[in-house]
Amino acid sequence: MFHVGSARSALFNWCLAKQAGGTFILRIEDTDESRNRPEWTSGIVDAMSWLGMDSADPSFEGPYFQSSYAAEHVAAAERLAASRMAYYCDCTRDDVVARTGEANLGYDRHCRDRDLGAGPGRALRFRVPAGHTVVDDRVRGRVEFDNALIEDFVLLRGNGSPMFLLANVVDDLQMGVTLVVRAEEHLPNTPKQQMIWDALGVEHPEWAHVPVLVNEQRKKLSKRRDKVALEMYRDEGYLPAAMRNYLMTLGWSSPDGREIMPWDEIVSAFRLEDVNHSPAFFDQKKLDAFNGEYIRAMDLDTFVQACAPWTSSITGFDPERFASIAPHVRLRVVRLAEVPAAVDFVFDHEVRFDADSWDKTMTTDAAVPILRSALASFGSASWDADSLKACTEQIGEGMGLKLGKTQAPIRVAVTGRTVGLPLFESLEALGRDEVIRRLGVALDRIGGG
RNA sequence: GCCCCCAUCGUCUAGUGGCCUAGGACACCACCCUUUCAAGGUGGCGGCACGGGUUCGAAUCCCGUUGGGGGUGCCA
């Protein structure tokens with residue numbers, strides 16, 4: 001799954017890359033048990049492509065799921081060992097705890113000066129120098145760490161495989177990365193990486209740590225607890241443009257105060273220095289508001305086409321008829337996945353009556369006379385929304401009812417529900433025969449039961 | 001435990017010492033519009049975590065407290 005938090009960091013990176021005419025390289029280094037399964041990686045690629053990040057965009061590269069620099073990782077580590085910037089260690093965790101008597105203290109540097117050679121079961125540790133490490137962060141400013149509090153961390157495991165910290169640095173180095181934009185959870189490990197760069201004798205990249213996204217409980221968004229998969233939002237009918245726009249407003253705001261704005265304007269307005277320092281809550285309600293606005297702003301053809309994945313499953317679906325009511329649908333849905341439930345009555349001859357709606361409208365004394373009158377006058381009315389409305393108004397006048405009351409039983413008879421698309425436009429789309437048929441069905445249903 | 005980060009309406013944010021009686025957006029409430037529901041319009045509710053400084057003046061600068069988050073593995 002492609003995490004919404006990762007998506008936002010990616011978007012930040014992408015904006016910067018576009019501004020600088022450079023390339024944003026995305027490496028997904030978070031492994032889980034499903035790592036490298038094609039269905040997992042292709043899901044991520046699809047989700048990113050949905051956002052617009054794919055090979056068609058020259059400012060985007062990736063995503064990479066696996067490093068192709070394994071040999072360089074080890075070579076770099078060995079260079080550090082050769083220059084005594086790192087040393088081999090055969091201590092186990094239990095050894096260290098036994099010596100220090102403290103389970104939550106770091107490594108005690110026992111092997112620092114033992115001059116152990118490489119060998120099976122021996123890890124390679126970085127020799128953290130004395131002094132301080134200053135991380136200059138584009139978002140947070142200067143952050144200073146006391147090296148004495150940083151343990152001699154492992155570069156290479158006992159089996160010779162590289163640790164993430166090292167692999168990450170070497171990959172960045174190999175790929176020519178000059179700016180690292182990532183979530184703030186990585187900030188405490190940044191001095192370690194910076195020391196590796198320094199030890200390798202290479203100028204380290206610029207750092208920028210952006211705040212994390214959190215849930216209602218203010219905890220970092222997690223796969224287990226929270227709805228974080230971008231794919232899920234795509235499948236519910238959120239628009240990529242709305243998602244991009246919303247994600248950008250979490251932790252960043254445009255200098256001119258606009259929230260909803262075109263993507264290219266966001267790209268040129270974005271500045272790392274304007275990014276907030278505090279975590280932001282991913283608020284689906286606000287995403288809904290953005291999505292609704294984006295949907296309403298779509299032109300009709302685009303809207304109809306965008307609905308296709310959802311409308312195709314509707315029984316009896318007819319594209320032309322859908323197009324005729326689409327303007328009314330567009331105004332009322334927040335997610336495209338809501339479209340079928342809003343319009344299925346227009347296509348499916350089997351009306352599904354909502355029990356509450358039925359009870360509320362069909363058990364009144366007025367229901368039967370209204371439906372009978374409608375049956376009579378709709379038979380000869382000219383078949384357009386305005387005329388049908390006039391007809392219905394006339395029925396109501398005869399009974400001393402306002403249009404709101406008069407239309408209710410007709411609406412439930414035809415659509416099955418008390419709420420929905422504008423009634424007379426729906427009747428027009430359905431056609432005279434079908435409307436008359438449904439009025440009859442409803443009348444029978446009242447009589448029968 | 002230790003280290004790091006953070007702290008403005010419920011939420012996202014504007015605010016970089018006087019323009020702040022703290023502005024906007026979402027949500028919520030009310031009213032208007034209205035064939036239902038929406039959309040739209042108008043209005044309302046609602047916040048600088050706390051305590052000390054510095055200053056003529058602090059949401060804004062400094063210190064502390066509290067609260068939250070993250071990190072601290074031969075995880076990534």
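The chains referred to below are lettered A, B, ... by the order of the sequence lines, with proteins before strands, and numbering in each begins at 1.
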From the set U36(B), A27(B), U35(B), return the single nucleotide nearest to any side-chain atom of Val419(A). U36(B)
So, Asn245(A) and Tyr294(A): side-chain donor and acceptor under 3.5 Å apart, yes or no? yes
Select base, sugar-phosphate, or nothing to describe what Gly121(A) touches, counting heavy atoms under 4.0 Å on all strands. base
Which part of the nucleic acid, if any, lies within contact of Ser278(A), taking any heavy atom under 4.0 Å across all strands shown: a base, the sugar-phosphate backbone alone, or nothing? sugar-phosphate
Looking at Glu293(A) and Arg296(A), is there a salt bridge between them, counting it only when a charged N and a carboxylate O are closer than 4.0 Å? no
On the side chain of Arg140(A), is there an atom forming a donor-acceptor pair with the base of C5(B) - under 3.5 Å, no angle test? no
Integer-rounded Å distance: C12(B) C1' and Leu247(A) CG: 12 Å
Is U72(B) paired to anything, Watson-Crick or G-U wobble with both distances less than 3.5 Å, and if yes, which nucleotide? G1(B)
By the 4.0 Å heavy-atom rule, please label Cys91(A) as base, sugar-phosphate, or nothing. base
Could you tabulate the donor-acceptor pairs under 3.5 Å formed by side-chain atoms of residues 117-138 of chain A, not counting sequence neighbours?
unit_1    : atom_1 : unit_2    : atom_2 : d
Arg122(A) : NH1    : Gly117(A) : O      : 3.0
Arg125(A) : NH1    : Asp152(A) : O      : 2.7
Arg127(A) : NE     : Arg84(A)  : O      : 2.8
Arg127(A) : NH1    : Arg112(A) : O      : 3.2
His132(A) : ND1    : Glu144(A) : OE2    : 3.3
Thr133(A) : OG1    : Asn147(A) : OD1    : 2.7
Thr133(A) : OG1    : Asn147(A) : ND2    : 3.4
Asp137(A) : OD1    : Val139(A) : N      : 2.8
Asp137(A) : OD1    : Arg140(A) : N      : 2.8
Asp137(A) : OD1    : His209(A) : N      : 3.2
Asp137(A) : OD2    : His209(A) : N      : 3.0
Asp137(A) : OD2    : His209(A) : ND1    : 2.7
Arg138(A) : NE     : Glu273(A) : OE2    : 2.6
Arg138(A) : NH1    : Glu206(A) : OE1    : 3.1
Arg138(A) : NH2    : Glu273(A) : OE2    : 3.3

Taking the C1' atom in each of C45(B) and A27(B), what is the distance between them to the nearest angstrom? 12 Å
Over all strands shown, is Asp288(A) touching base, sugar-phosphate only, or nothing at heavy-atom distances under 4.0 angstrom? nothing
For C28(B), what is the paired nucleotide under Watson-Crick or G-U wobble rules, both distances under 3.5 Å? G44(B)
C1' gap between A7(B) and A49(B), integer Å: 7 Å
For Leu221(A) and G69(B), give me the distance from atom CG to atom C1', rounded to whole Å. 13 Å
I'd like the C1' distance from C6(B) over to G40(B), given in whole Å. 39 Å
Using atom C1' in both nucleotides, what's the gap between C20(B) and U8(B) to the nearest angstrom? 12 Å
Between P on G71(B) and NE2 on His209(A), what's the gap in Å once rounded to a whole number? 12 Å
Touch class at under 4.0 angstrom, heavy-atom based, for Lys219(A) against every strand present: sugar-phosphate
Once you apply a heavy-atom cut-off of 4.0 Å, does Ala280(A) come out as touching a base, just sugar-phosphate, or nothing? sugar-phosphate
Base, sugar-phosphate or nothing for Lys405(A)? Non-hydrogen atoms, less than 4.0 Å. nothing
Nearest of G73(B), U11(B), C4(B) to any side-chain atom of Leu187(A)? C4(B)
Regarding Phe145(A), tell me which of base, sugar-phosphate or nothing describes its non-hydrogen contacts under 4.0 Å with the strands shown. sugar-phosphate
Centroid-to-centroid, Trp358(A) to Phe353(A), below 6.0 Å? yes
Counting the atoms with a prime plus P, OP1 and OP2 as sugar-phosphate, which does Leu149(A) contact under 4.0 Å by heavy atoms, base, sugar-phosphate, or nothing? sugar-phosphate
Closest approach to the side chain of Glu259(A), judged atom by atom: which nucleotide of G70(B), G24(B), A14(B) is it? G24(B)
Expected list for residues 366-381 of chain A: side-chain donor-acceptor pairs under 3.5 angstrom, two or more places apart:
unit_1    : atom_1 : unit_2    : atom_2 : d
Ser373(A) : OG     : Pro369(A) : O      : 2.7
Ser377(A) : OG     : Ser373(A) : O      : 3.0

Check if the side chain of Lys286(A) and the base of A25(B) share a donor-acceptor pair of N or O atoms closer than 3.5 Å. yes
Sugar-phosphate only, base, or nothing, as touched by Glu273(A) at under 4.0 Å among non-hydrogen atoms: nothing
May I ask you to verify whether the side chain of Glu184(A) and the base of G69(B) hold a donor-acceptor pair under 3.5 Å? no
Looking at Lys285(A) and Asp288(A), is there a salt bridge between them, counting it only when a charged N and a carboxylate O are closer than 4.0 Å? no
Rounded to whole Å, please give me the gap between CZ in Phe353(A) and P in U36(B). 21 Å
Without decimals, in angstroms, what is the distance between Tyr246(A) OH and A25(B) P? 16 Å
Rounded distance in Å between the P positions of C31(B) and G67(B): 43 Å
Which part of the nucleic acid does Leu250(A) contact within heavy-atom distance under 4.0 Å: base, sugar-phosphate only, or nothing? sugar-phosphate
Separation of U72(B) P from Tyr107(A) OH (nearest whole Å): 19 Å
Quick one: which of A39(B), C74(B), U72(B) gets closest to the side chain of Val154(A)? C74(B)
The side chain of Arg157(A) is closest to which nucleotide in this list: C74(B), C6(B), U72(B)? C74(B)
Would Lys227(A) and Glu236(A) pass as an ion pair if we require N to O under 4.0 Å? yes
Quick check for you: among G68(B), A14(B), G71(B), whose closest atom lies nearest to any side-chain atom of Arg218(A)? G68(B)
P atom, U16(B) versus C4(B): distance in rounded Å? 29 Å
Separation of C74(B) P from Asn159(A) CG (nearest whole Å): 13 Å
Leu331(A) CG to U35(B) P, straight-line distance once rounded to whole Å: 15 Å
By the 4.0 Å heavy-atom rule, please label Gly420(A) as base, sugar-phosphate, or nothing. base
Is Asp226(A) salt-bridged to Lys219(A), going by a charged N under 4.0 Å from an acidic O? no
For the side chain of Ala123(A), starting at C-beta, report the closest nucleotide among U36(B), C74(B), U11(B). C74(B)
What contact category does Leu421(A) fall into here, base, sugar-phosphate, or nothing, at under 4.0 angstrom with non-hydrogen atoms? base
The side chain of Val143(A) lies closest to which of these nucleotides: C12(B), C4(B), U72(B)? C4(B)
